[in-house]
Amino acid sequence: MHKPIKYAEKALAIAANGAWTVFDSLNQINQKPSFTPKWSDKPLLKSYEKQKPPLGWPRTTDSLCPRCVPEIRSQILDGKLPHEVLLNEKVGEIKAQIIERDGQILMVKDCPKHGHFEDVMAMDTEFFKHLEEVFPGRDIRAHNDEKLHNHGTSTVKHGRGSVLTIDLTNRCNMMCDPCFMDANQVGFVHELTWDEIKTMLDNAITIKPRRQMSVQFSGGEPTLSPYFLDAVRYSRKVGYNSVQAATNGIEFAKSPEFCKQAAEAGLRYAYLQFDGIGNAANAHRKVGNMFDVKVRAIQNLHAAGVDIVPVTTIVNGINNEQVGKIIQFALDNPKIISFLSFQPVSFTGRDEEVTDERRVAQRYTLSHLAHDVKNQTGLGEPVRDWFPISFMSTFSDWADQVHGPNADWGQLSCGCHPNCGIGMALMIDKETKESAPVTAFLNAERLAKDVARVNDAGRGKFLSVVGVTMALLRNYNPFNAPTHFSIFSLLAKFDKCFGATGRNYGSVTGDRTMDDINKRRADRWNFLFIAGMWFQDLFNYDFRRTEQCIIPYATQEGEISFCAYNTGVGWRNIIEKMHMTATLTKWYEEHGRHEIFAGGKKVGIGEAELRLKLNQEHVQGGLQHDLDDKGIAKTAREEKLRARDAKIKNDAENARMAKLYRENVLGEKAPEGGFVSIDQLGGIKPAPAKTEKEEPVMGD
């Protein structure tokens with residue numbers, strides 16, 4: 001039944017290929033100039049006008065010294081240096097080279113004061129090369145932004161492409177390791193007031209190009225803020241159609257009613273911290289029933305109409321074996337999970353002082369992710385099926401062209417550096433659960449080039465839609481698609497993503513209802529996007545990445561690149577100290593202590609029916625023991641404990657050697673109870689003044 005249809009679709013693809021040749025030739029005659037949309041004061045860029053940073057290797061870039069920066073940051077925090085030094089001087093900056101060595105891509109750099117540093121950027125040179133070769137270029141340069149983008153060499157310069165992040169509070173109800181913000185450990189509370197939240201949201205929509213339709217509330221744990229629901233509600237009011245919460249899920253797991261309130265306020269996505277399948281895979285979070293909490297949060301949120309994005313920090317040797325299990329979890333639950341985000345570890349916050357031994361052992365790159373997905377699931381060829389997430393900006397440009405100059409917002413465009421983020425898309429049949437990589441049946445590279453030519457021609461909506469329709473058809477191979485997937489499924493899915501025809505797939509605007517949500521969920525096909533987002537740390541920092549950041553933080557001191565805020569020069573530490581709400585002692589006196597789940601404490605979530613499909617073998621799996629076998633510490637806390645134990649052991653050994661020296665060399669007899677160290681006596685004290693009757697003693 002399906003095979004004849006596939007042959008008919010192949011014939012249509014061949015016909016579309018011929019038609020495209022004629023259409024494209026005619027379409028390039030007298031290209032129209034780009035229009036300037038309402039959401040930008042600069043015209044849309046044609047593909048050949050887009051700038052690119054230096055790519056390839058060997059190349060030189062600007063980086064930071066992992067030792068100078070913490071020293072300078074400490075001086076700023078201690079009041080010995082003004083924070084303006086970060087605006088006017090290139091503090092801690094050194095040159096770095098990106099090179100190939102032994103089949104790997106490395107960043108190497110030298111500090112005149114602290115010496116040589118190097119770290120792995122990719123363990124697959126062809127993969128790294130592919131990502132940079134298909135990068136389409138930077139977005140429109142940011143403008144009307146002088147008041148919010150003024151952070152010296154850390155200033156965001158290009159585009160407004162993805163997610164505005166706002167930390168509502170630095171309080172958290174967990175004590176994680178790793179934690180890039182060192183939550184609950186800095187000695188003070190930094191929590192935004194309602195006026196500050198409104199001001200940040202109002203300021204954000206003044207910057208152009210105004211294409212940043214997503215805002216993510218983070219922390220700490222954002223649900224601890226008394227203004228969480230108000231912030232979600234106000235975001236929808238000012239025009240954001242994708243409001244997100246980066247959360248550990250505890251509050252959502254505890255209360256279905258809270259999930260409902262969040263959904264009614266306008267929460268669309270929950271970016272859920274998700275370390276793996278089973279409580280063992282989540283054991284390092286030190287919550288007794290962490291995986292059960294995640295499962296309950298997913299069920300509660302989905303029932304309320306909120307979509308869930310499991311977000312996994314991947315640490316080599318700790319949980320990289322969970323990659324395939326997490327993807328299998330999504331494949332088993334295609335009606336609930338449509339996005340996965342893997343984030344290779346960034347050694348910052350509590351991990352900034354990581355030892356070289358642990359850093360080398362735990363370093364995980366985007367190339368590791370692509371290979372782990374293939375090796376653990378059999379899905380995806382690294383070079384064929386993975387692309388930089390900025391690759392999608394060509395299609396966003398097409399949507400901007402189609403929606404015309406009077407649209408209030410530009411399309412979401414993830415125009416970050418190709419070393420920042422990658423993605424692979426799977427098309428999953430929700431009924432049969434059959435899946436295939438989209439790029440196995442769609443020639444993505446050629447399609448993007450075709451779409452860029454349609455964009456460059458600058459025609460109106462009708463011809464732009466016709467051109468991309470032909471491009472989709474000619475690049476489609478029906479024989480590699482899932483059995484029930486058709487050309488019509490492909491065209492409908494593309495239209496649903498970019499809203500070209502105006503067909504109602506269910507509203508995503510501020511007035512959307514549960515009917516809209518259910519209508520969008522009724523689609524038989526799940527476009528599962530597997531993303532990898534690799535945030536920088538001081539060992540691999542590259543200012544070419546920072547300046548085109550797509551996930552800036554809104555703060556009281558303007559909008560700052562994600563990496564410059566959390567890593568890099570560490571604007572987070574400085575701004576939170578500058579604008580701290582209260583010391584912990586003062587906060588606890590006025591507000592009391594919030595509940596923290598640590599030390600194996602369980603979250604009270606009661607009993608509920610399990611509606612998710614779980615692979616019990618994965619759920620019952622044990623811990624990953626790679627680092628145990630190598631004798632390498634797993635966390636910053638473990639490193640500190642080992643250092644403390646080593647010091648105690650070293651002090652004991654020094655005391656033993658001193659005792660042997662006194663007994664065997666000096667011939668002294670140990671007093672009862674043994675020799676007492678100078679430290680035990682409180683250090684060296686000045687001798688009392690001598691009297692005339694006292695005689696000097698030999699050896700004094």
Side-chain angles (χ1 to χ4, degrees), residues 65-78 80 92 111 113-119 174-188 283-286 315-318 345-363 537-539 567 570 573 584 596 598-600 623-666 668-686:
C65 171
R67 300 289 175 259
C68 287
V69 169
E71 292 173 1
I72 296 165
R73 188 193 308 137
S74 293
Q75 293 181 57
I76 295 173
L77 293 173
D78 292 341
K80 297 176 182 177
C111 171
K113 180 179 178 182
H114 296 103
H116 184 73
F117 301 91
E118 59 181 58
D119 213 329
M174 290 176 60
M175 289 284 288
C176 297
D177 201 347
C179 173
F180 64 74
M181 70 163 297
D182 210 10
N184 296 329
Q185 296 291 297
V186 291
F188 60 83
H284 60 289
R285 299 291 180 186
K286 306 302 180 184
V315 185
N316 201 41
I318 297 292
V345 63
S346 171
F347 294 107
T348 187
R350 290 175 194 154
D351 281 299
E352 190 171 72
E353 297 180 11
V354 62
T355 62
D356 290 340
E357 178 188 48
R358 181 162 71 91
R359 177 168 54 86
V360 170
Q362 293 187 347
R363 176 62 78 195
D537 53 45
L538 288 172
F539 301 95
T567 67
N573 309 76
L584 273 180
I596 295 178
L623 293 171
Q624 189 171 336
H625 292 290
D626 301 37
L627 301 185
D628 293 334
D629 298 338
K630 297 176 181 178
I632 297 173
K634 293 183 177 181
T635 65
R637 183 174 182 274
E638 189 176 334
E639 278 187 333
K640 289 178 181 178
L641 290 175
R642 288 190 181 189
R644 184 200 66 183
D645 292 344
K647 183 179 185 304
I648 292 172
K649 184 178 180 180
N650 187 58
D651 289 347
E653 179 63 16
N654 287 341
R656 187 180 74 84
M657 294 303 294
K659 178 175 180 290
L660 290 174
Y661 177 78
R662 290 181 179 185
E663 290 179 344
N664 298 306
V665 177
L666 300 180
E668 297 181 12
K669 185 178 179 182
E672 188 176 346
F675 288 110
V676 179
S677 69
I678 290 175
D679 288 341
Q680 288 175 289
L681 295 174
I684 299 176
K685 297 181 174 61

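Because the structure is a prediction, the values reported are computed rather than measured.
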Note to self: Set out, in order, the CA-CA distance, both residues' side-chain angles and the distance that settles side chain to side chain contact (heavy atoms under 4.5 Å, CB included) for Asp351 and Arg358, then state yes or no.
What the structure shows: CA-CA 10 Å; Asp351 281 299; Arg358 181 162 71 91; 2.6 Å; yes

If the threshold is 4.0 Å, N to carboxylate O, is there a salt bridge linking Arg67 and Glu71?
no

* **Side-chain ion pair, Asp628 and Lys634, N-O less than 4.0 Å** => yes

Begin from the C-alpha positions of Thr348 and Leu538 and carry the test side chain to side chain contact (heavy atoms under 4.5 Å, CB included) through to its verdict. CA-CA 8 Å; Thr348 187; Leu538 288 172; over 6 Å; no

**Prompt:** With distance as the sole test, does Asp78 use its side chain to make a donor-acceptor pair with the main-chain N or O of Lys80 at under 3.5 Å?
**Reply:** no

Self-check item: salt_bridge(Arg642, Glu638) N-O dist < 4.0 Å
Solution: yes

CE of Met174 to CZ of Arg285, rounded to nearest 0.5 Å, is 5.5 Å

The reported gap from CD1 in Ile72 to CD1 in Ile76 (rounded to nearest 0.5 angstrom) is 7.5 Å

**Prompt:** So, does Glu639 use its side chain to make a donor-acceptor pair with the main chain of Val354 at under 3.5 Å?
**Reply:** no

Exercise. May I have the step-by-step check of salt bridge (charged side-chain N to carboxylate O under 4.0 Å, His left out) for Lys647 and Asp651, ending in yes or no?
Key: CA-CA 6 Å; Lys647 183 179 185 304; Asp651 289 347; 3.0 Å; yes

So CD1 of Ile318 and CG of Asp626: to nearest 0.5 Å the spacing works out to 8.5 Å

In this structure, NZ of Lys630 is separated from CD of Glu357 (nearest 0.5 Å) by 10.0 Å

Rounded to the nearest 0.5 Å, the CZ atom of Phe539 sits from the OG1 atom of Thr567 at a distance of 11.0 Å

Between the CZ atom in Arg73 and the SG atom in Cys68, the distance rounded to the nearest 0.5 Å is 12.0 Å

Check the pair Val315 / Gln624 against side chain to side chain contact (heavy atoms under 4.5 Å, CB included), numbers first and verdict last.
-> CA-CA 11 Å; Val315 185; Gln624 189 171 336; over 6 Å; no

